[in-house]
Amino acid sequence: MLLKRIVVIIGVICAAAAVNAQQTVINLGSPDGNILLNIIHRNNGSISYGVFYKNEIAVSPSALGMLLKSPVVSLTKFDMAGIDSSAVNETWKPVWGEAGSIQNNYKQLVVKLTDRSGSGIQLQIIFRVFNDGVGFRYSFPQQAKLNHFIVSDELTQFTMSGDHKTFWIPGDYDTNEFMYNTTKLSEVDASSSAMSQEIHAKTFFDKNAVQTPLMMKSGGGLYINIHEAALVNYPAMNLVVDKNGFALNAHLVPDAVGNKAYLQAPAVTPWRTIIVSDKATDILSSKLILNLNEPSKIKDVSWIKPQKMVGVWWEMHIGKSSWDYGATQSGSTIVAHGRHGATTANVKKYIDFAAKNGMDGVLVEGWNTGWEDWFGQWKEDVFDFVTPYPDFDVKELQRYAASKKVRLVMHHETSASVTNYERWMDTAYRFMKKFGYNTVKTGYVGRIIPRGEHHDGQWMIKHYERVMQKTASYKIMLDAHEPVRPTGLHRTYPNFLACEAARGNEFNAWSVGNPPEHETILAFTRLMGGPMDYTPGIFKIKLNQFDPNKKEQVHTTLCKQLALYVTMASPLQMAADLPENYEKHMDAFQFIKDVAVDWDDTKILQAEPGDYVITARKAKGKQSWFLGAMTDEKARDFSVPVDFLPAGRNYLATIYRDASTADWKDNPEAYVVEKFLVDSHTVLKLKLAPGGGAAISFTPASIIENKTIKKYN
Ligand code: NOJ
Ligand code: CA
């Protein structure tokens, strides 16, 4: 009787159930029919799922389940209590982002289960099948048999059909700032994370563990991306590779006493996401993760503005100046050393540069007391976020910035003493509003306080969300450094403009750096969850400007730094280099001045993880388009039709490209700027240097340009 009902219900939404002696299989196809989800209920009570893409296996049958403690129940065998089905096809408009409107088109099944071990606990698994992949989550409905409970393990698996090529960073409870590895699944060895000496708080737990977003490519050419969406009130998920059979097993980040999550019914887990296609470009254009997040909880969004900023920032990273004001001598006396970066006079220089060049903001780090004593101490009370150093005049800078129509961007380094930050948050945000700041960059360098908690555990996940909510209540925009990797929550809290949560450009300043392939992998991994504050735009590629012995350098050409503004979209972009370095290359800086930070449309033109990405985007509310092309360590030639331009009119293309002799290592700053007329039939030939890139702006050609600029051929 029950099984009959399932068949009938599923039939309504064009899925099918097949019943045999051992199992019931429920099938659900994507709206376009390319993806097929199987849900398998075996007679022994277990539930598993599998995913096909155009008849190829994307996910082999994979287990689902939960282990609870308090009450101690193993939720692995179930009776099927029913299935609800529905379908949605709607479009919605993000406050900002890569497209002006987004289609949300899926079919859904809610599989209602009752624990077979006798607890009577009800669990639902909600599956959504989109044209670009599958999302599912566990839901504990309100029920008599379950109120408060502790999750001790989530038993979700993602079983791969073979030994796929995998782009991975080591699993960790505290950091995501690793370099990527590209190996087969069977060759994952996360113990290499111990080599990353430049990362200060890292917690290795299993040599077979990797983080999400995890990008894989099968031998048959299927691209598979696994991540999560809407990570709220729950720990982040790592994946442990079982090398006999290629199952990826969920591993939740524990808390200080070893538990995973404290929940109260009704409760849901984040969505587990599988994005799949036979085209790499489809992975980058997927909106599945955003679609699985809740709509904006902020009603009035008029104050949320995408922005570009410069900052008293890179000069500290490359050793021109310091965050701290002085050196601590005898107890608490601080004696100025004269190298402090955040002085009133220096900040004014940046404000002048920003005003002259149309930058919206100036980030200032090292403005507040505490920097003498912040690093590596695991100390609770370091910063108070309201006490400036004596050479930083808050009032005068408020006046000066306002007179130049530039906003100062606040910095709150918490040194991971989150208890302390929680105590200061309201006071700190009131201080910001009083002095005219509307954007804050937070930071969580070091080991977390409360001691024993982790950056990616449930306690911190709740903290990050609290910061999103609280900043929103003060109409403050947010950029977080060293948080958990994002899961699309910027849809729900659009004041959460960007975050770091990966190895940023800054690693080039003081470590072995980011290899030339790094950004081509970031696009397929970290960026799947949301925009990154990568801090592009470094023009002075060799970093020995202030210390002739400094060997570090950025591992790209100058033109690739320009391309990043398009290939790594963010509503908060930094022009991260020093004003004096931009002033030597104002012809190239023009691209950073012009490039948009908010978009009506995006076309991923060509892409391959670890190799190259070429992206074109249309500026929000304007006719102009921008193109970014980036490669790894290999020089590459591309033919790029610009058929995304509207037909029937000429555009002025300003092309910023690597000079023919350019090379990230030996000749990184050699570039050429050229202007041509193009139209939608033009096919551009782009030559990227090793570690190189190209950036192009397209604006409708004026009458004069139509007469004076030559046609591209
Ligand atoms: C690490 C952040 O990623 C960086 O941007 C910041 O300058 C330092 N911490 C100091 O807070
Ligand atoms: Ca960082």
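Just the heavy atoms: all of them, side chains too, but no hydrogens, waters or symmetry mates, feed the values below. In listed order, ligands and their atoms are each counted from 1.
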Identify the closest protein heavy atom to [atom]: which residue and atom is it, and at what distance?
| atom | answer |
| --- | --- |
| atom 6 (C) of ligand 1 | Glu365 OE1, 3.3 Å |
| atom 4 (C) of ligand 1 | Glu506 OE1, 3.3 Å |
| atom 11 (O) of ligand 1 | Glu413 OE1, 2.6 Å |
| atom 9 (N) of ligand 1 | Val445 CG2, 3.4 Å |
| atom 1 (C) of ligand 1 | Glu482 OE2, 3.0 Å |

Does a salt bridge link Arg526 with Glu177, judged by any charged N lying under 4.0 Å from a carboxylate O?
no
What do the steps show when you test His251 against Phe205 for ring-ring contact (aromatic ring centres under 6.0 Å, His included), and what is the final call?
CA-CA 10 Å; His251 177 106; Phe205 63 92; 4.2 Å; yes
Taking the Ca ion (ligand 2) as the vertex, what is the angle from OE2 of Glu482 to OE1 of Glu500, given to 10 degrees?
80°
Taking the six-membered ring for Trp, are Phe589 and Phe353 ring centroids under 6.0 Å apart?
yes
Determine whether Glu669 and Lys584 satisfy the following criterion, salt bridge (Lys or Arg N to Asp or Glu O under 4.0 Å), listing intermediate values before the conclusion.
CA-CA 11 Å; Glu669 290 166 24; Lys584 289 180 197 131; over 6 Å; no
Any nitrogen or oxygen of [X], main chain or side chain, under 3.5 Å from a nitrogen or oxygen of ligand 1?
| X | value |
| --- | --- |
| Lys441 | yes |
| Glu177 | no |
| Trp374 | no |

At less than 4.0 angstrom from any non-hydrogen atom of [X], what atoms of ligand 1 do you find?
| X | answer |
| --- | --- |
| His411 | 11 (O) |
| Glu500 | 3 (O) |
| Trp313 | 4 (C), 5 (O), 6 (C), 7 (O) |

What is the name of the N/O/S atom of Glu506 that is nearest to the Ca ion (ligand 2)?
OE2
Relative to the Ca ion (ligand 2), which of the N, O or S atoms in Glu177 is the closest?
OE2
Expected output: side-chain Glu372 to main-chain Gly326 donor-acceptor under 3.5 Å:
yes
Mind telling me whether Trp313 and His317 have parallel, tilted or perpendicular rings, with 30° and 60° as the class edges?
tilted
Apply the ring-ring contact (aromatic ring centres under 6.0 Å, His included) test between Tyr464 and each candidate in Tyr421, Phe496, Tyr444, Trp459; give the one that qualifies.
Tyr444
Only residue of Trp367, Trp371, Phe392 satisfying ring-ring contact (aromatic ring centres under 6.0 Å, His included) with His411 is Trp371
Derivation of the salt bridge (Lys or Arg N to Asp or Glu O under 4.0 Å) call for Arg407 and Asp360:
CA-CA 6 Å; Arg407 302 297 291 242; Asp360 308 282; over 6 Å; no
Residue-level breakdown please: for Trp371 versus ligand 1, do any non-hydrogen atoms fall below 4.0 Å on the side chain, on the backbone, on both, or on neither?
side chain
Quick look: Met316 vs ligand 1, heavy-atom contacts under 4.0 Å, and the answer is neither
Should Lys542 and Gln553 be marked as a side-chain hydrogen bond (donor to acceptor under 3.5 Å, both in side chains) after you check the CA-CA gap, both sets of side-chain angles, and the distance that decides it?
CA-CA 4 Å; Lys542 306 262 182 183; Gln553 75 160 96; 3.1 Å; yes
